[in-house]
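A short write-up of the structure that comes next.
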Amino acid sequence: MFGLMQDWPLLVHKIIDHAALYHARREIVTRSVEGPMARTTYGELALRARKVAQALDRLGIKEGERVATLAWNTARHLETWYGIAGMGAVYHTINPRLFPEQIAWIASHAEDRVLFFDTSFTAVIEQIAAQLPAIKLFIALTDRAHLPQISVPNLVAYEDFIAAGDGDFAWRELDERAACGLCYTSGTTGNPKGVLYSHRSNVLLSLVASGGDALGVTGRDTVLPIVPMFHANAWGLAFLAPMVGANLVMPGAKLDGNSICELLETERVTMTAAVPTVWLGLLQFLEASGKKLPHLKRVVIGGSAAPRSMIETFETKYGVEVIHAWGMTEMSPLGTLGTLKPGFEELPYPRQLDYKVKQGRPLFGVELKLVGDGGQEQPRDGKTFGRLKVRGPAIAKGYFRGEGASAFDEEGWFDTGDVATLDEDGYMTITDRAKDVIKSGGEWISSIEIENLAVSHPAVAEAAVIGVHHPKWDERPLLIAVLKPGKAATREDILNHLSGKIAKWWIPDDVVFVNSIAHTATGKIQKLELRKAFADYRLPGVA
Ligand code: AMP
């Protein structure tokens with residue numbers, strides 16, 4: 001017997017309709033690509049999203065077709081998402097930090113039919129347009145006055161594109177399982193793979209993630225999503241902010257410490273989210289300028305491990321609560337969040353930090369398990385490492401066009417490629433990407449844990465630990481560090497700092513200082529490049 005409740009499909013455009021009706025005057029403030037700050041409201045944004053849908057419909061875009069965006073976080077970008085999804089097409093976010101050839105490859109793999117782009121990326125468009133014959137129209141996210149003068153024939157300014165419509169467009173009545181968004185993952189092995197979100201998965205993720213013990217976003221918040229819309233669905237913030245009526249502050253192209261600090265201050269931001277490298281920039285700026293964060297209440301750190309020292313600085317020096325988050329593009333993307341369980345607030349602060357530095361506990365709808373080398377499930381004792389597998393309604397069950405099928409098993413588990421531990425309280429700790437694990441004498445060493453400790457040294461800005469060949473132990477850890485501007489430290493200083501805090505055999509065999517460490521397009525340390533650069537490195541004492 002079925003229940004007698006309504007089948008009200010979970011469609012993302014219902015979110016913007018709700019916002020337009022009940023949070024019409026709440027604001028979306030953008031640092032525009034053209035320069036000035038631009039202000040709009042959910043009421044206006046919803047109307048313009050319908051104009052986008054009308055214009056795409058007029059162009060002949062059909063349900064399920066892919067419409068690409070190559071753009072920063074702005075109100076216009078958000079309008080395109082809702083307009084595209086509401087007319088039944090699929091928004092396809094492309095990461096502009098990729099090389100032009102990779103962008104062209106992804107756009108043709110996805111068979112994109114239209115491409116919206118910010119004028120910051122005009123040169124890329126000029127370079128790849130001829131390789132993308134399936135694209136009917138390139139739309140520059142600007143007005144006619146700022147339309148780039150390039151030799152791309154099918155080019156139009158966004159404001160002209162939507163001007164012809166009056167916004168009188170009926171959203172399509174779709175199946176909630178219909179494709180809604182597409183995002184390619186970095187593809188560290190092989191080509192990038194497409195993750196295809198559904199309307200249902202996006203709505204479910206937003207409902208769960210806004211909860212009080214999750215991101216805790218309410219209508220009284222002003223949210224600054226620094227995490228780009230082109231990286232992993234903007235961690236759900238583009239849906240959950242309008243859902244609850246929170247103001248949005250969109251940072252556009254400027255993500256340096258000074259620019260972020262200015263937005264936090266002038267727009268009185270209460271909640272923000274980004275990868276650790278962005279926070280490194282902000283904290284360095286705050287230290288140098290002596291500025292404080294009087295309005296900010298919560299900061300979400302994810303995408304790479306949040307170092308303990310970063311969490312502590314935000315919380316004790318600036319009075320901002322940190323939520324450590326782990327997730328993946330394949331998980332819509334939130335998996336675990338590091339909020340404290342009841343009673344943990346009474347623990348001494350260093351003990352609280354022990355939990356906050358872990359990647360957190362799963363949201364409702366995220367099943368986790370650890371498996372050993374033989375496929376057996378590992379104990380949840382906080383010590384035993386295992387490969388992390390996940391399952392749930394906002395987690396991919398396959399990649400676009402059936403690629404990468406080996407990551408999914410018959411029971412519906414997705415192999416994250418992460419190695420982790422789970423403790424008795426449900427907190428998960430990522431120890432490494434499986435391919436970055438250091439195996440010394442047959443035992444695993446967590447590079448993340450050593451990196452975390454290394455950056456708590458006052459002179460160290462950033463650190464990476466990789467395995468380097470060793471004749472006896474197979475691999476031994478090498479620590480590569482970037483010092484803070486104007487600070488000095490020696491190899492011995494760093495090793496002494498680690499000593500006593502981790503097992504003796506985890507202490508790196510050597511420390512190398514470099515001027516900078518390269519990051520991937522999604523802000524992660526490029527370990528592959530480091531391993532290549534140090535492939536022939538001779539550790540001390542090795543002949
Ligand atoms: P992406 O799909 O680009 O967001 O990358 C997902 C991967 O980033 C995960 O599988 C992890 O390896 C890594 N990651 C994300 N968040 C964290 C975190 N808080 N700590 C450590 N690694 C993380």
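Throughout, numbering of the chain's residues begins at 1 and tracks the sequence. Counting starts at 1 for both ligands and their atoms, following the listed order.
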Subject >> Non-neighbouring partners of Phe408 that pass ring-ring contact (aromatic ring centres under 6.0 Å, His included), sequence neighbours left out >> reply: Tyr399, Phe414
**OP:** Determine, stepwise, if the pair Thr336 / Val366 fulfils side chain to side chain contact (heavy atoms under 4.5 Å, CB included).
**Re:** CA-CA 8 Å; Thr336 58; Val366 176; 5.5 Å; no
Which donor-acceptor pairs under 3.5 Å do side chains of residues 224-240 form with protein atoms, sequence neighbours excluded?
{"residue": "Asn233", "atom": "OD1", "partner": "Tyr91", "partner atom": "OH", "Å": "2.7"}
{"residue": "Asn233", "atom": "ND2", "partner": "Asn202", "partner atom": "OD1", "Å": "2.7"}
{"residue": "Asn233", "atom": "ND2", "partner": "Ser332", "partner atom": "O", "Å": "3.4"}

Original post:
Applying ring pair (Phe, Tyr, Trp, His ring centres under 6.0 Å), which residue pairs with at least one partner in residues 503-529 are found, sequence neighbours left out?
Top reply: none
Original post:
Would you call Lys383-Asp423 a salt bridge at under 4.0 Å N-O?
Top reply: no
Original post:
Are Glu529 and Lys532 ion-paired here, with the side-chain N under 4.0 Å from a carboxylate O?
Top reply: yes
Subject >> Residue contacts for ligand 1, heavy atom to ligand atom, distance under 4.0 Å >> reply: His231, Gly303, Ser304, Ala305, His324, Ala325, Trp326, Gly327, Met328, Thr329, Gln359, Asp418, Arg433, Thr522, Lys524
